[in-house]
Amino acid sequence: MITLLYLIKKDIFHHPVRNGVLIFCYAIIAVSLFSGNYLLLGATDSVQNGISRLGADLVVVPADYAEKGEAVLLRGEPTTFFFGRNIVPDVEDIPGVSAAAPQLYIATLDTACCYLPVQLITFDSERDFTIIPWLREHDHPLLKKDEIIVGNLIVPDVGTPLKFYGHEFIISGKLDPTGTGLDTSIFIRKEDAAVMAKESKEKAVKELVLPESGVSAVLVKVQNVSEIDRIRDQISARIPGVMVLTPETLITRVTGQLNTLTQILAMTALVAILVSVPLIALISIMVAHERIRDMGVLRALGAPRGLIFRLLFGESLSIAVIGGVIGIVSSVTILILFQELLGKLLEIPLSIPGSGDLIVITGLAFMVTVIVGGVASLYPAWKSSVTEPYAAIRSGEL
Amino acid sequence: MNFRPTNLAVFISALLIITGILIILTPWYIFPVCDTKDPAGASLEDMNQQVPSKMVCSLSSGFMNCWYTARVESLFGVLIILSGIVLLPAKQNSVLSRRGVMIMGLGVSVVLVPVSIIGMCDMTGTICNLGTKPALILLGSIVTLLGFILVAIRYHTQYPEYLT
């Protein structure tokens, strides 16, 4: 039995080149719409995951190294910086602060190809609220001497020995992915870092000198989340030379960095839509004109006007649906496969957005693509459906 | 132009040739892997003091994993180009289908070499892990998909009105 779907399918396969070009146009629209939103949501989700993994409401870093501090947290860029003095007691004295955990950032040595430096983060086991809760959550015993926890993107498996500054450590656990710099960082105990620094003079090519303060950043937990802004202002006012990073400042920084790219993608989508709608409409008119005698025969055989309209409109919608699906599937594949490379090139943390967000942006890109297809074919489909069968069959005759 | 198996075969063979060329170029020019035996003059003893010991083992055995992967992928790239060329004169669906199975096998191999058979460098953040490996997975998947389409043509012949 010849159904509407059969006729649509047959015509799409009958003109592979013309329909292939149309599918490509729709795919470009879908790619532009989907990619911009994906990057923005992926970066925002990633910062939120990273902050939640740290377990901190605020991060206090030296004012002169604020950018480096952001780079460590967001992208895991290896760096070494520290406070001139131990500011932990000062932070703890601020009313509303429930806990303050110091961390010390040490970059490992850079050598050559395939041997990239990584960020070592030392933590104080008695005060820490980043690693210790994670260990408890995963029924993992507390870290013993020379045991380390690594970020999700550190390739070697649990149990593998790793050597830094001549000191050998054993990987004891691997954190869940966050999409931030924590994925490429390595957490070691404060005591082990001191031993490593002491031994580095003899064992490493370059001696590691740890600062007296032993603090690069202080992670702060507040008693009441609604007081974050007040506590941030008080820390900045009472302790000179510090910068307080909040989740909002980190998200603002990331979205600011993405602004140019998302604007370019949005412009591409807009231009693609503006160019495609008349182009697709023109092609649809040409197709309708080319097939006007076929339509006339169909009408003469008893096909109602509605069927002719649905046939041409459905064909255009089907092509838009195929283009939309191809565009979105290609975008997702490329964005996921090259996620780390994109994060590195754009200097942003990047992870796969949550499933809810993913459904929304997929639906949005798909709907806009299909609507463009629908709008562009409305007039030609209507025009073909109202043409009288006799006139349609005789059209083109000399 | 109608949708015929022979037209499709020409289209797929062109895509296979382009993909094969990209597979050859990716690990050497697009996302180049390292090709040095003893990077930047650093002695093995120096490396032992600074880097994961597992990686030093791979150094002492010669080149990096990514370098071997690049060489094997170049070979697969050549085979895929040849598959694309021999596909051109093929007209019978059964022939296309058999070659499709072979092309699917090549595509899967292109994916498996950097993922599990040989692998890439152990350290994250290197260009072979960030660029070369995902690019080869993508290209291998495209080759597999093209092979699958050739196999699927055989089943379409049950409905000759689509294809003639």
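So you know, we letter chains A, B, ... as the sequences are listed, proteins then strands, and number each from 1.
Under the 3.5 Å distance criterion, with hydrogens and angles disregarded, no donor-acceptor pair is assigned to the side chains of A:T160 and A:D157.
Interface remark: A:L342 contributes no atoms to any contact with chain B (heavy atom separation under 4.5 Å).
Checked against side chain to side chain donor-acceptor pair (under 3.5 Å), A:Q339 has no partners two or more places apart in sequence or in another chain. Checked against side-chain contact (heavy atoms from CB on, under 4.5 Å), A:V21 has no partners two or more places apart in sequence or in another chain. Scored by the ring pair (Phe, Tyr, Trp, His ring centres under 6.0 Å) test, A:F169 finds A:H167 as partners (sequence neighbours excluded).
Across every non-hydrogen atom of A:K203 and A:G166, the tightest pair is CD-O, 3.3 Å. Nearest heavy atoms, A:E315 versus A:I8: CA-CG2, 3.8 Å.
For a heavy-atom cut-off of 4.5 Å, chain A lies close to B:A135, B:I137, B:L138 in residues 135-148 of chain B.
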